[in-house]
A.B. asks: 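My questions all concern the structure below.
Here is how names work: the chains are called A, B, and so on, in the same order as the sequence lines, proteins then strands, and each is numbered from 1.
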2 protein chains.
Amino acid sequence: MPRSAQINPPAETKPARRTSQRPTIRDVSRLAGVSRMTVSRVLSDPDMVLPATRERVLKAVADLGYVPDRAAGSLSSRRTGFIALMLPTLTNANFAAVAHGLTEALREAEYHLLIAYTDYDMAEEERQLRNLLARRPEAIVLTGAVHRRTATRMLLAADIPVIEIADLPSQPIEHAIGFSNYQVGRTAARYLIDRGFERIGAIAASPDGDVADHRGEERMRGFEDELRLSRRATDLVLRHGSAPVSFHHGAAAIRELLARDDRPQAVFAVSDLSAVGAVMECQRLGVRVPEDVSIMGFGDFEIGGEINPPLTTIHVDFRALGQRTGGMLLDLLSRNAEAGSGEPRIVDVGLRVVERASVKDG
Amino acid sequence: MPRSAQINPPAETKPARRTSQRPTIRDVSRLAGVSRMTVSRVLSDPDMVLPATRERVLKAVADLGYVPDRAAGSLSSRRTGFIALMLPTLTNANFAAVAHGLTEALREAEYHLLIAYTDYDMAEEERQLRNLLARRPEAIVLTGAVHRRTATRMLLAADIPVIEIADLPSQPIEHAIGFSNYQVGRTAARYLIDRGFERIGAIAASPDGDVADHRGEERMRGFEDELRLSRRATDLVLRHGSAPVSFHHGAAAIRELLARDDRPQAVFAVSDLSAVGAVMECQRLGVRVPEDVSIMGFGDFEIGGEINPPLTTIHVDFRALGQRTGGMLLDLLSRNAEAGSGEPRIVDVGLRVVERASVKDG
DNA sequence: ATGAAAGCGCTAACAT
DNA sequence: ATGTTAGCGCTTTCAT
């Protein structure tokens, strides 16, 4: 191929006192005898380059073990390929499933998930949010409903698509995809009332300062509202310990409830984890489920279906939620390239009672 | 403050046709009437700047809602603040705990975890690895022991600290922190042999092409070796279904084992998940644990301690593993700034049998 | 089909 | 204590 016959060295010969030893696009271009742009094209849009040139470049890339630096690419192209995801915790099967589903949906589109989690702490949410935004994600996904004002402001200022998931907020920041935790509570109460129970209880964590499970509390609010509407007492709704709940929580809470004079006939647990813990504790106490007490959970965790008796629960498809979020994201990001980002989208994925054997008729 | 009296506009006045609306360091510098470097200093090393100047800059930052672009910063400083973490899956409580522990350890040092997972697929590991390296992490943590050759080569070429975790590889790439899965198997077998059992079985997933649970298979190898050393038969070691295992796996596998003429007296499950599933299935079948069959698991998942009878298992502290990895990382990255990175470090966090009620003496 | 110039938004290194 | 210069490693844009 013709190379310019100038006396001064061409650009790609420019020496550099580099700190790192990793090859750059310039090293590849020199080795292949092309300009940096040609290397860039081979890597991003191979058909734009003559096959012969392309092969030469590809060989140079392989020989050097060249891996492009996305930070540099992002800076130039203004596309980072990051999607930010903020979760309360990773050590919850349902949230982990969301992350899993999302990653899958985004994998082909070459987006990379940036995960942060808050440990149910709103101050931490704000800190994490700032860190995330510094990475210039092209969109942000977070568990919805309650944020601090400054957090909301930062979100708005970022000027990227925002999707709130899991909890359907009454005032979404922009897009939302999830279900109503309030509705979960009402549904659970309705279900137990319809089974004919009179003394109905619940177990949840107590709301506690900055570290709180707002989602769980919403479920309890719905639960109590529905009880009241049916003229049932709400004094068997127990707030015990602090979030996040787990097996022990349920065990301790059911013990407390069973010790009461007006022991409940049926109990709704804020999470399957608590519910399973409660069932296990009943086994140990010789209290039969559901004959002596019916127990119902939320979240449809795998373990719930495996215990004896299997747990009646309320199911939300978190993995599908993650995948749908991924779909919406892809759509948002592609049409963002064309026209205005369009209307906020609110999707209720709904919920359903999964009837198993831990609840009988009252 | 004195500004140069040149006719051409000084640098900070330079107009830019920017695509994005987000404020840059230049906007802040203009508003505060200082140079960009001063802004940079206020944000990274505030004490270096006069209090009065600092306040002015901070106000400008707040007024504009300025969030620095880390991609640009990384490019310039050659420090991305990323640590890469590659896991088989996020939907396993123990791996999630590793991620959790690691994040905690790194949080203060302002490192950001880049998580990828392979779904136990080695081809995917390679793809993910390339994506991760393109983000120029300062170190990489991965679940150890088995990698493809090209993956190992990429890791070496990246010239950053590599820590293999969970599984202690026989030939570590560099640093390693974990335990020996082979030893887990031997320990389990030894424990059951010492309890006096003769017919000892095990349940695991069958190794299956590219998608395989090498760690689980290692455990089985150790288990079988120990059985042989004690002249026990290994024909009750059952490979059933495919990884990753869960409750159903254990239920199905124990059914198969119990149906045999030479039904085992004791069974080691490759994971607590399988073990719990097995115990639950026994409950349903009316097979008493441990009277009719003893069951032992691995991983010490929370649920194992909650069921009836509580599960005897082998414990590895994954969260501590994550935290220790974080500590090693911090140390490696700081001393990397000083001298050579030093010797490879291999840490065995060990394991211990947690004796509960699901195993009795044979 | 390929290349040259310019610049993305920062910070290291060297002034002053 | 603060400013200036010169890039970091890419991609955009505009030539050719």
A.B. asks: Output, in order, the C-alpha distance, side-chain angles, deciding distance and verdict of side-chain hydrogen bond (donor to acceptor under 3.5 Å, both in side chains) for A:E125 and A:Y120.
C.D. replies: CA-CA 8 Å; A:E125 181 183 60; A:Y120 296 92; over 6 Å; no
A.B. asks: Looking at A:D331 and A:R345, is any side-chain nitrogen of the basic one under 4.0 Å from a carboxylate oxygen of the acidic one?
C.D. replies: yes
A.B. asks: Report the residue (A:S77 or B:V49) whose heavy-atom-nearest nucleotide on DNA chain D is the more 5′ of the two.
C.D. replies: B:V49
A.B. asks: For A:S35 and C:dG3, is the shortest distance between a side-chain N/O and OP1 or OP2 below 4.0 Å?
C.D. replies: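 Affirmative; the distance criterion is met.
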A.B. asks: With heavy-atom distances below 4.5 Å as the criterion, would you say the side chains of B:S74 and A:R70 are in contact?
C.D. replies: no
A.B. asks: Output the rounded distance in Å from CZ (B:R30) to P (D:dG3).
C.D. replies: 15 Å
A.B. asks: Is there a donor-acceptor contact under 3.5 Å linking the side chains of A:E126 and A:T150?
C.D. replies: yes
A.B. asks: In residues 62-75 of chain B, which ones come under 4.0 Å of DNA chain C, going by heavy atoms?
C.D. replies: B:Y66, B:P68, B:D69, B:A72, B:G73, B:L75
A.B. asks: In whole Å, what is the span from the CG atom of A:L43 to the P atom of D:dT12?
C.D. replies: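 Distance, rounded to whole Å: 13 Å.
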A.B. asks: Quantify the bending of the helix from C:dA1-D:dT16 to C:dT16-D:dA1 as the angle between its end axes, each fitted on five pairs, to 10°.
C.D. replies: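 The helix from C:dA1-D:dT16 to C:dT16-D:dA1 shows an end-to-end axis angle of 30°.
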A.B. asks: Starting at atom CZ of B:R36, determine the distance to atom P of D:dG7, rounded to an integer number of angstrom.
C.D. replies: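 Spelled out: CZ on B:R36 to P on D:dG7 is 15 Å.
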A.B. asks: Out of D:dT11, C:dC10, D:dC10, which nucleotide sits closest to the side chain of A:M37?
C.D. replies: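 When the side chain of A:M37 is considered, D:dT11 is the closest of D:dT11, C:dC10, D:dC10.
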A.B. asks: B:T53 near the nucleic acid: base, sugar-phosphate alone, or nothing, with a heavy-atom cut-off under 4.0 Å?
C.D. replies: sugar-phosphate
A.B. asks: From the options D:dT2, C:dC8, C:dT2, select the nucleotide whose nearest atom is closest to the side chain of A:L50.
C.D. replies: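 The closest nucleotide is C:dT2.
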A.B. asks: Can you name the closest pair of heavy atoms from A:M328 and A:V347 and give their distance?
C.D. replies: CE-CG2, 3.8 Å
A.B. asks: Looking at B:S40, I'd like to know whether one of its side-chain N or O atoms comes within less than 4.0 Å of OP1 or OP2 on C:dT11.
C.D. replies: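 Yes, because at least one side-chain N or O of B:S40 sits under 4.0 Å from OP1 or OP2 of C:dT11.
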A.B. asks: For B:R135 and D:dG9, what is the distance between atoms CZ and P respectively, to the nearest whole Å?
C.D. replies: 17 Å
A.B. asks: In whole Å, I'd like the distance from the CG atom of B:D45 to the P atom of C:dA13.
C.D. replies: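 After rounding, the reported distance stands at 15 Å.
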A.B. asks: Between P on C:dA1 and CZ on A:R56, what's the gap in Å once rounded to a whole number?
C.D. replies: 15 Å
A.B. asks: Taking the side chain of B:S76 as heavy atoms from C-beta outward, which of D:dT12, D:dA1, C:dC10 is closest to it?
C.D. replies: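 Minimum distance to the B:S76 side chain belongs to C:dC10.
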A.B. asks: For C:dG9, take OP1 and OP2 only and decide whether either is under 4.0 Å from a side-chain N or O of A:R78.
C.D. replies: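 The answer is yes; a side-chain N or O of A:R78 sits under 4.0 Å from OP1 or OP2.
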A.B. asks: So that I can tick it off, tell me whether B:D27 and B:R36 are bridged by a salt bridge, with the cut-off set at under 4.0 angstrom between side-chain N and carboxylate O.
C.D. replies: no
A.B. asks: Distance check needed: C:dG9 P versus B:D27 CG, whole Å only.
C.D. replies: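 Between P of C:dG9 and CG of B:D27: 9 Å.
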A.B. asks: How long is the line joining CE of B:M48 and P of D:dT2, in whole Å?
C.D. replies: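 Value for this atom pair: 10 Å.
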A.B. asks: Answer yes or no: is there a side-chain heavy-atom contact under 4.5 Å between A:L102 and A:Q323?
C.D. replies: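 When only atoms from C-beta onward are counted, A:Q323 and A:L102 do not touch, as no gap falls below 4.5 Å.
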A.B. asks: Ignoring hydrogens and geometry beyond distance, is a side-chain donor-acceptor pair present between B:Y117 and B:E124 at under 3.5 Å?
C.D. replies: no
A.B. asks: Identify which nucleotide among D:dG9, C:dA13, C:dT2 has an atom closest to any side-chain atom of B:R41, counting heavy atoms from C-beta outward.
C.D. replies: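 Nearest to the side chain of B:R41 among the choices is C:dA13.
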A.B. asks: Would you call B:Y111 and B:R79 a side-chain contact if the rule is heavy atoms closer than 4.5 Å?
C.D. replies: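 Result yes, sub-4.5 Å side-chain heavy-atom pair found.
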A.B. asks: Among C:dC10, C:dT2, D:dT2, which nucleotide sits nearest the side chain of B:I25?
C.D. replies: C:dC10
A.B. asks: Step by step, would you call A:E164 with A:H175 a side-chain hydrogen bond (donor to acceptor under 3.5 Å, both in side chains)?
C.D. replies: CA-CA 6 Å; A:E164 291 174 281; A:H175 310 289; over 6 Å; no
